[in-house]
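Notes for the one structure printed next.
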There are 2 protein chains.
Amino acid sequence: METNPIKILIADDEPDIIEIISYHLLKAGFEVFSAKDGSEAIEKAQIHTPDCIILDIMMPKRNGFEVCEYLRSNKQFDKTLIVLLTALNDEESHIKGLELGGDDFVNKPISPKVLVSRISALFRRIQPSATDNKVIQVRDLTIDPSQYKTILNGVTHVLAKKEFELLFLLAAQPGRVFLRNEILSQVWGNDVIVGDRTIDVHVRKIRVKLGIECITTVKGVGYKFDY
Amino acid sequence: METNPIKILIADDEPDIIEIISYHLLKAGFEVFSAKDGSEAIEKAQIHTPDCIILDIMMPKRNGFEVCEYLRSNKQFDKTLIVLLTALNDEESHIKGLELGGDDFVNKPISPKVLVSRISALFRRIQPSATDNKVIQVRDLTIDPSQYKTILNGVTHVLAKKEFELLFLLAAQPGRVFLRNEILSQVWGNDVIVGDRTIDVHVRKIRVKLGIECITTVKGVGYKFDY
DNA sequence: GCCAAGGTTATCAAATTGTTAACTAAAAAT
DNA sequence: ATTTTTAGTTAACAATTTGATAACCTTGGC
């Protein structure tokens with residue numbers, strides 16, 4: 001899976017702030033852009049479509065509130081996190097910032113580490129859960145657990161639940177041999193007791209339905225996905 | 001869709017804090033539960049499965065960090081927002097709280113209005129699809145949630161509320177299989193207990209009313225929209 | 001040939017879903 | 001206020017699909 005780095009734009013009129021925060025963001029693995037005022041922030045945002053924008057509220061040209069409002073009126077930045085940063089420590093600004101669509105509001109002075117930590121927490125929350133089912137793609141075979149769907153060469157093959165789960169288990173680690181015991185505990189669960197031939201029968205059904213040799217028998221050991 | 005109020009659990013050993021924050025949360029339309037220590041927080045969390053938990057860090061029995069860690073080790077609370085609240089104002093706690101899985105970390109004293117505002121911002125961010133009422137258009141089928149209206153091939157079909165909500169849920173992510181549990185919690189809500197056949201009956205009504213094969217059964221798993 | 005391991009098939013039981021009708025509660029109409 | 005309509009739910013039963021097993025077959029090694 002393609003793992004482009006997460007892009008963050010930081011807009012502040014104090015070069016020192018930009019420098020120190022950029023440093024910490026880079027160290028945390030983000031890709032960083034910067035802007036020195038509100039207008040530049042909008043320009044850079046349009047160019048790079050960052051995943052997160054850190055906005056100082058008091059900036060020349062256009063202040064943070066204005067930039068935030070502009071971004072939120074644009075569908076392009078729907079999913080862009082906005083972190084507002086300010087030396088003002090008043091309740092009104094705080095609430096205003098959040099109501100304009102800010103995702104976080106942080107008072108200066110702020111430890112760069114804490115800021116990075118907060119941003120990471122936001123990303124963690126909005127990212128689709130890591131436990132989400134992942135699509136397996138091998139040559140012309142697609143196995144999609146979120147749809148319980150197996151597509152071979154453009155044709156959808158409908159597998160029953162157990163068949164699908166068995167295939168998915170094996171295909172998740174192509175080449176690896178799964179012992180019969182492993183297969184039983186993963187697909188059937190630990191407390192279920194089924195007979196010796198059950199796995200074989202299911203393997204057969206998969207072979208028949210897909211019509212390809214994708215599950216290899218390893219005699220005396222188990223089965224592996226090999227395609 | 002499901003319009004049950006958002007549930008928030010607040011855990012703090014100072015009754016005054018609970019009272020004032022509860023007041024503001026209730027005023028903002030949330031349903032509020034409270035706990036006076038860490039153990040009670042966990043109990044109440046298990047009973048009510050709140051959408052957000054506000055945890056004071058310094059509490060008797062189990063402190064906020066411990067509760068946070070416990071919640072995060074439980075899949076049941078995957079999607080539960082955790083806001084950590086503390087009078088300690090040190091960088092280490094702040095980072096620790098976020099790394100343990102907290103979604104926000106707020107220093108006391110905090111204006112209740114600001115706190116509510118922050119929580120609302122978090123919900124706004126994580127529930128983008130829950131609030132957006134987008135029209136779904138697939139071939140000659142239009143599903144318009146703003147009007148609770150389904151148009152197939154120019155003809156308007158009137159679906160009842162639950163029928164419509166079920167169809168909309170599935171159609172919002174075509175192809176994706178929704179487990180029966182997911183459907184129940186999305187359309188009927190977490191607290192409602194309905195019988196096994198209820199979903200089937202509603203699916204049938206949709207099928208009959210629309211007269212097309214748009215909902216596919218995935219036996220042993222759930223249903224998906226496929227048209 | 002004999003044995004062990006796996007393959008194949010048919011069959012039956014169990015699980016799951018589909019269908020219909022009836023009941024209840026709420027909303028709308030009279 | 002009463003009746004009528006509608007939506008939602010449930011129960012009972014039918015239909016279907018899936019899963020498991022037994023029985024038998026095939027293959028390869030010794």
Side-chain angles (χ1 to χ4, degrees), chain A residues 148-150 156-170 177-226, chain B residues 1-4 148-150 156-170 177-226:
Chain A
Y148 260 78
K149 199 170 169 186
T150 309
T156 298
H157 295 264
V158 180
L159 302 187
K161 191 172 172 235
K162 285 264 189 295
E163 291 160 16
F164 187 90
E165 285 170 2
L166 173 51
L167 176 63
F168 184 74
L169 173 70
L170 299 184
V177 179
F178 286 79
L179 309 180
R180 298 175 91 88
N181 277 337
E182 290 183 274
I183 295 173
L184 282 179
S185 73
Q186 292 292 311
V187 179
W188 274 264
N190 282 306
D191 2 270
V192 184
I193 297 167
V194 291
D196 277 356
R197 300 268 67 71
T198 302
I199 294 179
D200 309 55
V201 172
H202 283 270
V203 167
R204 167 167 169 70
K205 285 180 180 164
I206 296 169
R207 285 172 172 158
V208 169
K209 284 191 179 174
L210 294 187
I212 54 173
E213 278 301 321
C214 61
I215 296 179
T216 308
T217 306
V218 183
K219 276 195 100 160
V221 188
Y223 293 93
K224 66 175 174 179
F225 179 87
D226 209 347
Chain B
M1 302 302 96
E2 180 46 37
T3 39
N4 284 335
Y148 263 75
K149 204 168 163 187
T150 308
T156 299
H157 295 262
V158 180
L159 300 188
K161 188 160 168 271
K162 287 264 187 292
E163 291 160 15
F164 186 89
E165 285 171 4
L166 173 50
L167 176 64
F168 184 74
L169 173 71
L170 299 184
V177 177
F178 286 79
L179 310 181
R180 299 176 90 89
N181 279 338
E182 292 182 272
I183 295 173
L184 282 179
S185 74
Q186 293 293 311
V187 179
W188 275 264
N190 279 308
D191 328 301
V192 185
I193 297 167
V194 292
D196 279 354
R197 301 271 64 73
T198 302
I199 294 178
D200 309 56
V201 172
H202 284 267
V203 167
R204 167 167 167 71
K205 286 179 179 166
I206 296 169
R207 285 172 172 158
V208 170
K209 284 191 180 175
L210 294 187
I212 54 173
E213 279 299 321
C214 61
I215 296 178
T216 307
T217 305
V218 182
K219 273 204 110 157
V221 188
Y223 292 95
K224 65 177 170 179
F225 179 87
D226 214 344

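Chain letters run A, B, ... following the sequence lines, proteins first and then strands; every chain starts at 1.
We find that A/D200 and A/R207 are not joined by a salt bridge, their nearest charged nitrogen and carboxylate oxygen being 4.0 Å or further apart.
When the nucleotides C/dG6, C/dT17, D/dT18 are ranked by their closest atom to the side chain of A/A160, D/dT18 comes out on top.
Each of A/T198 and A/L159 has a nearest nucleotide on DNA chain D; the 5'-most of these lies closest to A/L159. Heavy-atom distances to DNA chain C give each of A/K205 and A/G222 a nearest nucleotide, and the one nearer the 5′ end belongs to A/G222.
With rounding to the nearest 0.5 Å, the separation of CD in A/E165 from CG in A/L159 is 11.0 Å.
The side chain of A/H202 contributes no N or O atom lying less than 4.0 Å from OP1 or OP2 of D/dT18. Between B/T217 and C/dT16, a side-chain N or O to OP1/OP2 separation shorter than 4.0 Å is absent. Contact annotation: B/W188 side-chain N/O to D/dG8 OP1/OP2 distance is not under 4.0 Å. The phosphate of D/dA20 (OP1 or OP2) has no side-chain N or O of A/R197 nearer than 4.0 angstrom.
Nucleic acid contact class of A/V201 (heavy atoms, under 4.0 Å, all strands): base. Within 4.0 Å (heavy atoms only), B/Y223 reaches sugar-phosphate atoms of the nucleic acid but no base atom.
Evaluated for a side-chain hydrogen bond (donor to acceptor under 3.5 Å, both in side chains) with A/E163, the options A/H157, A/H202, A/K209 yield exactly one hit, A/K209.
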Show each protein N/O and nucleotides 28-30 of chain D N/O combination with a separation under 3.5 Å, one pair to a line.
none

